[in-house]
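Shown next, in structure tokens, is the structure this report addresses.
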2 protein chains.
Amino acid sequence: MLSAIIDSGGLGEGAAALNKSQPSVSRSLAMLEKRLGARLFEKGKRPLRPTELCQTLAEQGRVVANASEAAQTAAELYSGGKAGTARIAGTPIFMDGVISGMLASFQSAFPDVTIHQTYGYLPELCEQLSVGNIDLAICPVKTNAVPPKLSFKPILRGRNVIACAPSHPLARKSAFKLEDIAAYPWIAPPAGSPLYEDLRMALQSIGITDFRVSFTGGSLASIFSVMAGSNSLTVLPYSVVFMQSTTKIITALPVKLEHPERELGLLWDADRPLRPAVKRFHKFLEAEFTDLAQRIDEKGRQDVWRR
Amino acid sequence: MLSAIIDSGGLGEGAAALNKSQPSVSRSLAMLEKRLGARLFEKGKRPLRPTELCQTLAEQGRVVANASEAAQTAAELYSGGKAGTARIAGTPIFMDGVISGMLASFQSAFPDVTIHQTYGYLPELCEQLSVGNIDLAICPVKTNAVPPKLSFKPILRGRNVIACAPSHPLARKSAFKLEDIAAYPWIAPPAGSPLYEDLRMALQSIGITDFRVSFTGGSLASIFSVMAGSNSLTVLPYSVVFMQSTTKIITALPVKLEHPERELGLLWDADRPLRPAVKRFHKFLEAEFTDLAQRIDEKGRQDVWRR
DNA sequence: CAAACAATATAACTTGATGTTATGAAAATT
DNA sequence: AATTTTCATAACATCAAGTTATATTGTTTG
């Protein structure tokens, strides 16, 4: 109040700056003077002149006002989801292959939001969610088997493809027979992962039951490296392949695999209120994925399901 | 409040630290949470765990609390007269010769009090006081002619002596006749000063009417210098000579001069309330002078008025 | 210097945050 | 399961601080 009066050069204008009425400020001043037992503005001077004590107090007041304002903006940022923390987790391949790219643009849009990322498969994710260690999970889920007590929001239809390096012999042929595929070694996802099951199932669906696994257990980065330096094949979600379309590190073979009955989606604990930053990230992902889904559809029709 | 709760590790103890009741703090917290639309402490956890937002707000709160405390101590220092400003003025010889020494000890006792010192003679001092440019004047005043509208507090009886360097011929004689004095040149105080009148009057009182002025118009420091390098004499308040007794720069001749009908005293505007720092200085000077007066009396009886 | 103007102080009233004590509810501990 | 500790709620009192209307005071001006 004191600094407002001093800076604006009058009691009335100071009051206006504070969004208060003039009498209110006048009385507050009088009360403070009484409490201090000292004048804050010199008596009987009409361009109000602050006393020594008033200057000193006003200085501290400015500090208070600044901190108060900082607190308010902090609270607003937080409430708006523009600041804070979101603890997310998901299956490694999706996180590395799809989410990480979106994270980059989220971070540049909301630099004050801290993202804590961890990895896990469905059972562990559910556990972490209900314990409260994470806020949001991104995970493929069987549509008819959403875990109880958790909310699920599907964001992408699950569609797997056979992936290989762009330099792979099959990738360069315009057409090939399914039997040709069997000749190449396979990179298998980690044994416990749903993708591993997908791999078996997918190959079975196109008649391949006996396949040679040349590499297993690595994360996406390893898979990319191995694939680039060999003629290996693997099964990956098409979204992961799609996200790499600019880098030309990986490509999809035009083979129609059977769809697993799963959808990529967001999971969270229905009982826990989502913090604003989490909500913001949630919304962001949804938007990104609705956009992505459409682009995937188009490109997928061209490249993979063209026959 | 938030930082108190966090630091003391509990709502109840936090309340105690704030000198408030536990329910009061509890409710304030609840209201703030409602206003923010966000929790400040995690739900249903008994060692209360602050949320992210709470930590952020508590940080700003600490800033506010510190500034608030700083303001309080500043106000207390000010009210106690231990901080602030005192604008004082007085006749040059007294200020330089007597007050300056006391100022030193006042400053070391109250380092946060700023002293603004100026010089002037009675009419100007009165003007400055009533205009409000100074808070306190230290000045010899005719006891029966205290200026109207001003308060006066006498602090030292006016007694002038003939002063000279310790090396002066007269100072080394155990006894001398008054006629001997006439032989030496005189240092005269500034023409307008009361001391100049005193000089004339004093010499007249001991029968000297015709005297030679060798130096005039200088401040006390000049007078000391001139006196040290010559056989000059001058008339000074005994208190000024006394204050130099440790430095042995100057000494008083054992000649009884007629007392001027003036007393050194403090002057201030009765209509203006004295600021605490001024009051403090006022009190300090009074104490110093009651002490000084006694010591002066003793030493004066020995050295000057011994016959 | 009185009149006019502008700025501040006061009066009277309302409101809401914050204080209290008493007591209920819920986590944590034994 | 019982006990203890800790926090939340209820009911009420108080006071700072908000309001509008109006008086007072300091400054400016004809």
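Quick note on labels: first sequence line is chain A, next is B, and so on, each numbered from 1. Bear in mind that the values here come from a model prediction, so they are computed numbers and not experimental data.
Every residue two or more places apart in sequence or in another chain that forms a ring pair (Phe, Tyr, Trp, His ring centres under 6.0 Å) with Phe106(B) is listed here: Phe110(B), Phe281(B), Phe284(B).
Spacing between atom CE of Met31(B) and atom P of dG16(C) amounts to 10 Å, rounded to whole angstrom units. Rounded to whole angstrom, the span from the CD atom of Glu42(A) across to the C1' atom of dT8(C) amounts to 16 Å. Counting to the nearest Å, the C1' atom of dG16(C) and the CZ atom of Arg35(B) are 13 Å from each other. Straight-line distance from the CG atom of Leu29(B) to the C1' atom of dA17(C): 14 Å, rounded to whole Å. We find that CZ of Phe41(A) is positioned 16 Å from P of dA7(C), with the value rounded to whole Å. The nearest whole Å value for the distance from the NZ atom in Lys43(B) to the C1' atom in dA27(C) is 14 Å. In this structure, Leu40(A) atom CG and dT8(C) atom P are separated by 15 Å, rounded to whole Å. Leu32(B) places its CG atom 18 Å from the P atom of dG16(C), with the value rounded to the nearest Å.
Surrounding CD of Glu69(B) are at most 12 heavy atoms belonging to other residues, nucleotides or ligands under 6.0 Å away.
Between dA11(D), dT21(C), dA11(C), one nucleotide has an atom nearer to the side chain of Arg27(B) than all others, and that is dA11(D). The side chain of Ser24(A) sits closest to dA17(D) out of dT20(D), dA8(D), dA17(D).
Checked options Asn133(B), Thr118(B), Asp135(B), Asp269(B); the residue passing with Gln128(B) is Asn133(B) (criterion: side chain to side chain donor-acceptor pair (under 3.5 Å)). Each of Leu40(B), Leu18(B), Val25(B) was scored for a side-chain contact (heavy atoms from CB on, under 4.5 Å) with Ile5(B), with one residue passing: Val25(B).
A donor-acceptor contact under 3.5 angstrom links the side chains of Gln72(B) and Glu76(B), judged on distance only. Side-chain contact annotation: Glu263(A) with Thr143(A), donor-acceptor N/O pair under 3.5 Å absent.
Of the residues in residues 9-22 of chain A, those lying under 4.0 Å from DNA chain D by heavy-atom distance are Lys20(A), Ser21(A). Shown for residues 44-53 of chain A: residues whose heavy atoms fall under 4.0 angstrom of DNA chain D, namely Gly44(A), Arg46(A).
The side-chain heavy atoms of Leu48(B) and Ile6(B), taken from C-beta on, include no pair separated by under 4.5 Å. Side-chain contact check for Val113(B) versus Arg280(B): every heavy-atom pair is 4.5 Å or farther apart. Proximity of Phe289(B) to Val98(B): side-chain heavy atoms (C-beta onward) are separated by under 4.5 Å at one or more points.
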